[in-house]
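Index from 1, following the sequence. Hydrogens, waters and symmetry mates are skipped; everything else that's a heavy atom, side chains included, is used.
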Amino acid sequence: MGNTERARLAAVVFVVLFTQLLVYPGVDRLVEALGGAPSIDAGTAFLAVQLLAFVLFSVVWGAVSDRTGRRVPFIVLGAIGGATTYLVLSATVLFGFGDFRTALVLRFVEGTFTIGAFSLAITMLMDLEGGHGKNMGAAGIAIGGGAALGAPVGGQLYAFGPLAPILASAVLLLLAAGVVTTVPDRARGDGRRLRETLGSLRRTPVLIVPFAFGFADRFAAGFFGLIGTFYFRDAFGLDPAGIGLLLACFFLPFALLQYPFGSLSDRIGRVVPIVAGSAGFGAAIVGVGMAPTVLTAAVGMVAVGVLGALVAPATMALVTDLVDATERGAAMGGFNIFGSLGFLGGIVGGGWLASRYDYFVAFVVAGGIEIAIAVVTLPVLIRVVPDPTAAFRTRE
């Protein structure tokens with residue numbers, strides 16, 4: 001039963017990330033259809049406003065879920081709300097009302113809903129038995145798979161028109177809402193007030209360690225999602241379909257290796273995968289910015305994906321290791337806040353660096369952040385996990 005539940009929850013996580021990445025390869029075309037200029041600044045604004053909603057509402061969804069001891073109804077609400085908002089966004093173009101500012105408001109509303117579906121679906125995976133690394137590996141493969149396939153499929157969908165990716169997203173989110181209703185709700189609510197539930201994050205300050213790594217990992221994902229799109233277009237003359245395939249060189253190994261790497265971290269502990277993976281991950285990002293050809297860039301993107309897969313499930317599993325079962329929703333919400341800030345930083349900061357300086361500087365900063373966080377947090381991480389090779393028992 002655990003494996004089938006794990007697969008269905010992973011499918012929900014997959015769908016949310018898949019729909020998020022569908023718009024990236026041709027975001028300039030979508031922005032133009034919505035009334036904006038097909039520029040990096042407008043593309044950055046459209047992508048960033050969703051992530052701002054993620055930051056503001058991630059912990060709120062988790063805390064409410066912890067307090068009530070329910071997750072499924074909130075996931076259904078988030079998925080249906082996100083789908084509805086995508087349909088309204090499409091209607092602004094099809095029926096000619098509103099402008100780009102209207103589109104940005106709707107994008108923000110969509111983000112407030114979809115972060116609930118995303119964060120709580122991962123939290124439901126945390127609630128399962130069978131090993132935190134394995135469960136977070138399932139979440140990781142879903143996240144990476146959604147991102148890996150979202151970019152190339154989105155590139156192909158743009159051939160049907162700029163609205164095709166968001167219309168497809170609405171349909172898929174409605175399907176996800178149906179799937180999650182077939183999974184038992186295993187949340188353990190404690191009935192505490194919402195303020196007390198939110199305070200659980202302050203009572204576990206060591207969570208800042210996995211949160212910091214989550215920030216760095218999502219920074220790289222956001223960086224490649226936007227800056228990679230424009231860089232591969234300008235440096236190699238690729239169209240949206242080609243850009244999507246090159247992004248998939250990162251996201252595909254990032255997805256496929258998370259489950260085995262997550263299981264590995266259950267056996268050897270979290271420290272080695274997190275630190276070794278992060279240092280190599282940052283170096284590989286810089287290498288992509290130095291690649292002279294499409295082929296070498298593709299090889300570099302594969303390396304980034306492999307090393308990122310080593311880090312991500314161990315980082316999420318560490319969140320589960322550090323908190324009680326009744327605080328998992330808020331903890332994962334906090335992790336997603338840092339992840340969303342990282343994604344937002346990768347988009348906004350990467351866009352600013354590329355516009356003000358050049359692409360290479362942006363790649364150096366993106367890779368350098370990953371390496372710096374690994375170095376700075378290593379002493380804290382070792383204190384949190386005294387034996388770096390100790391296997392973690394499942395805490396339920």
Requested in this report: State whether Glu110 and Arg107 are salt-bridged, where the test is any N-O pair (Lys NZ or Arg NE/NH1/NH2 against Asp/Glu carboxylate O) under 4.0 Å.
Outcome: yes
Contacts satisfying salt bridge (charged side-chain N to carboxylate O under 4.0 Å, His left out) that involve residues 342-370 (not counting sequence neighbours) are none
To the nearest 0.5 Å, atom CG of Leu94 lies from atom CG of Leu87 at 10.0 Å
So does Thr182 get a backbone contact from the side chain of Arg8, meaning a donor-acceptor N/O pair under 3.5 Å?
yes
When you look at CZ of Phe236, are more than 12 heavy atoms from neighbouring residues, nucleotides or ligands closer to it than 6.0 Å? yes
Distance col, row Leu51:CG vs Ile115:CD1, nearest 0.5 angstrom, shows 9.0 Å
So, the side chain of Ser58 versus the backbone of Val55: is there a donor-acceptor pair under 3.5 Å, distance only?
-> no
For this session: Indicate whether the side chain of Thr123 and that of Arg71 have a donor and an acceptor atom separated by less than 3.5 Å.
Result: no
(request) Give the ring-plane orientation class for Trp61 versus Phe113, where under 30° counts as parallel, over 60° as perpendicular and anything between as tilted. (result) tilted
Rounded to the nearest 0.5 Å, the CD atom of Glu32 sits from the CG atom of Asp28 at a distance of 8.0 Å
In this structure, CD1 of Ile122 is separated from CD1 of Ile143 (nearest 0.5 Å) by 4.0 Å
- Query: Do the ring planes of Phe250 and Phe254 sit parallel (below 30°), tilted (30 to 60°) or perpendicular (above 60°)?
  - Reply: tilted
Taken to the nearest 0.5 Å, the spacing of Met136 CE from Arg270 CZ works out to 10.0 Å
Would a line drawn from the ring center of Phe363 to the ring center of Phe223 be shorter than 6.0 Å? yes
*Is the count of non-hydrogen atoms from other residues, nucleotides or ligands lying under 6.0 Å from Arg29 atom CZ greater than 12?*
no
Check: Asp185 side chain, Val72 main-chain N or O, donor-acceptor pair, under 3.5 Å
yes
